[in-house]
Chemist: 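Structure below; questions to follow.
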There are 2 protein chains.
Amino acid sequence: MEPIRKAALVKATIVELGRAGSLDVTVSQIAKRAGMSSALAHHYFGSKEDIFLAAMRHILSLYGAEVRGALAAVDGPEARLQAILRASFSPGNFRREAVGAWLNFYVLAQTVPEARRLLSVYQRRLRSNLLSCLRPLVGVRADRAADALGALIDGVYLREALKEGPPDSASAVATVMEFVASELGKRK
Amino acid sequence: MEPIRKAALVKATIVELGRAGSLDVTVSQIAKRAGMSSALAHHYFGSKEDIFLAAMRHILSLYGAEVRGALAAVDGPEARLQAILRASFSPGNFRREAVGAWLNFYVLAQTVPEARRLLSVYQRRLRSNLLSCLRPLVGVRADRAADALGALIDGVYLREALKEGPPDSASAVATVMEFVASELGKRK
DNA sequence: TTTTTTATTGATCCGTCAATCAACAAAAAA
DNA sequence: TTTTTTGTTGATTGACGGATCAATAAAAAA
């Protein structure tokens with residue numbers, strides 16, 4: 001039962017986090033959505049914080065898997081770059097709940113060291129992925145470009161959280177591609 | 001007394017928000033830092049939410065003033081663009097507390113309509129400022145570029161919230177400038 | 001079959017906190 | 001001076017929520 005319950009709770013947490021748009025979500029709400037009592041949630045995870053962290057790990061590993069999959073399917077720095085971006089804004093990651101949850105993970109990271117660590121891991125991995133694509137393309141400028149591109153992706157996520165209506169992957173990718181294209185010196 | 005007390009509370013709110021890194025700041029904490037009782041805080045502002053909104057307006061208007069001032073001092077689209085960026089990352093805005101507060105305003109905007117409205121106003125104004133600089137420089141690509149640049153600025157703020165140590169204005173501006181430079185087709 | 005482990009919940013405890021209120025002080029107006 | 005307005009707080013209320021616990025059922029092991 002344990003793995004099933006935990007998975008249900010993690011999923012429910014992400015939904016509730018996205019719905020509420022803040023960390024002010026009660027364990028009872030989460031448990032209810034996952035179809036169990038709050039006591040059971042506490043039984044499997046020790047605390048509310050642990051539930052949040054599990055949800056964070058889930059989203060992060062989902063994202064990681066998607067990127068890895070996309071990278072495995074293509075060849076060459078430009079194609080790889082594009083793959084990373086498409087994965088970053090794929091419907092799996094770039095959806096209301098996930099975006100809402102994401103924003104809150106940043107907040108969580110302000111107070112919970114483990115959350116901060118997880119977010120740092122994500123940032124470092126993204127950076128190193130971007131760097132390996134950019135280095136062959138823009139040489140020494142790759143470092144700065146990777147920083148900018150990473151920040152840009154996060155910024156697009158952040159702004160999506162404010163918009164209403166369903167997220168628009170295509171437009172998000174287009175916005176980021178605009179940056180990449182000009183960075184690579186290609187004008188259409 | 002009213003304006004003095006209110007100002008003190010607003011300032012204290014920003015400090016506490018930055019310190020805690022979340023909206024989980026009690027009225028008592030804020031009031032204490034501002035040198036008064038929580039009851040008095042409630043007396044002058046009706047509710048905690050009003051205090052947050054006042055703090056938000058304060059930061060936003062501070063930012064607006066800085067940008068306006070910087071714009072008034074220069075001429076020509078490129079110089080104006082640079083002025084906006086320098087103002088965005090000037091020590092006045094780009095400091096620990098303000099950045100921490102900023103992140104939380106995004107969270108607040110998820111639930112409080114007025115907060116969302118304020119943030120939208122900021123975004124629109126920034127966008128229109130950027131657009132007026134970019135249009136003469138990159139023509140039809142200006143729209144997308146303005147979106148990207150706006151998101152990039154927010155993204156740099158977001159990431160700053162995660163870093164430890166004092167914010168580094170220079171490096172932030174450099175990162176964003178990297179984008180602008182390549183957008184304008186200028187390689188160094 | 002008896003015993004132990006696992007799954008589950010309702011009720012409850014304990015702390016926190018926004019908001020209110022009664023009371024008091026002090027300045028301003030009458 | 002008396003009265004009113006303004007400034008201020010300690011104490012209290014009422015609600016909420018994380019965590020714990022006692023109790024029950026059901027499955028697994030002995």
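Each chain gets a letter, A, B and so on, in the order the sequences are listed, and its residues count up from 1.
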Chemist: Quick check for you: among C/dG10, D/dG10, D/dA19, whose closest atom lies nearest to any side-chain atom of B/Ala39?
Modeler: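 In terms of side-chain proximity for B/Ala39, the closest of C/dG10, D/dG10, D/dA19 is D/dG10.
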Chemist: How many Å lie between CD on B/Glu16 and P on C/dC17, as a whole number?
Modeler: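 That distance rounds to 12 Å.
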Chemist: Applying side chain to side chain contact (heavy atoms under 4.5 Å, CB included) to B/Leu103 and A/Leu103, what does each step give before you reach the verdict?
Modeler: CA-CA 9 Å; B/Leu103 172 57; A/Leu103 171 57; 3.9 Å; yes
Chemist: If I take atom CZ in residue B/Phe52 and atom C1' in nucleotide C/dA18, what distance separates them, rounded to the nearest angstrom?
Modeler: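 It is 11 Å, rounded to the nearest whole Å.
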Chemist: Looking at B/Lys6, I want to see if its NZ is surrounded by more than 12 non-hydrogen atoms of other residues, nucleotides or ligands under 6.0 Å.
Modeler: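 Atom NZ in B/Lys6 is packed in, count exceeds 12.
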Chemist: Is there a side-chain hydrogen bond (donor to acceptor under 3.5 Å, both in side chains) between B/Arg86 and B/Gln82 once you walk through the steps?
Modeler: CA-CA 6 Å; B/Arg86 263 206 307 267; B/Gln82 212 178 89; 2.9 Å; yes
Chemist: Using the rule given for side chain to side chain contact (heavy atoms under 4.5 Å, CB included), can you reason through A/Tyr157 versus A/Asn93, listing the C-alpha separation, both sets of side-chain angles and the distance that settles it, and then say yes or no?
Modeler: CA-CA 10 Å; A/Tyr157 262 83; A/Asn93 299 314; 3.5 Å; yes
Chemist: What's the shortest heavy-atom distance between A/Pro136 and A/Pro77, and which atoms?
Modeler: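 Nearest heavy atoms, A/Pro136 then A/Pro77: CG-CB, 4.0 Å.
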Chemist: Provide, to the nearest angstrom, the distance between the CG atom belonging to A/Asp24 and the P atom belonging to C/dC17.
Modeler: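 Answer to the nearest Å: 12 Å.
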Chemist: Find the distance A/Glu2:CD to C/dA7:C1' and express it as a whole number of Å.
Modeler: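 For the pair A/Glu2 CD and C/dA7 C1', the rounded distance is 11 Å.
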Chemist: Just how far, in rounded Å, is C1' of C/dA18 from CD1 of B/Ile30?
Modeler: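 In whole Å, C/dA18 C1' and B/Ile30 CD1 are 11 Å from each other.
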Chemist: Students often get this wrong, so: under 4.0 angstrom with heavy atoms, is A/Thr26 touching a base, only sugar-phosphate, or nothing?
Modeler: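 If one applies the 4.0 Å heavy-atom cut-off, A/Thr26 turns out to touch the sugar-phosphate alone, with no base involved.
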Chemist: Need to verify one output field. Residue with the more 5' nearest nucleotide on DNA chain D, B/Ser38 or B/Met1?
Modeler: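 Here B/Met1 is the residue nearer the 5' end.
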Chemist: Return the value, rounded to whole Å, for the distance between atom CE of A/Met36 and atom C1' of C/dT6.
Modeler: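 Spelled out: CE on A/Met36 to C1' on C/dT6 is 15 Å.
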Chemist: Heavy atoms under 4.0 Å, any strand shown: does B/Phe45 hit a base, just sugar-phosphate, or nothing?
Modeler: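 Nothing, no heavy atom under 4.0 Å.
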Chemist: Nearest to the side chain of B/Ser47, which nucleotide is it out of C/dA19, C/dT20, D/dG18?
Modeler: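 Selected nucleotide: C/dA19.
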Chemist: Round to the nearest Å and state the distance from A/His43 atom NE2 to C/dT9 atom C1'.
Modeler: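 The distance from NE2 of A/His43 to C1' of C/dT9 comes to 12 Å, rounded to the nearest Å.
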Chemist: Round to the nearest Å and state the distance from A/Leu23 atom CG to D/dG17 atom P.
Modeler: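 It works out to 14 Å between those atoms.
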Chemist: Taking the side chain of A/Lys48 as its heavy atoms from C-beta onward, which of D/dT8, D/dG18, C/dA19 lies nearest to it?
Modeler: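 Nearest to the side chain of A/Lys48 among the choices is D/dG18.
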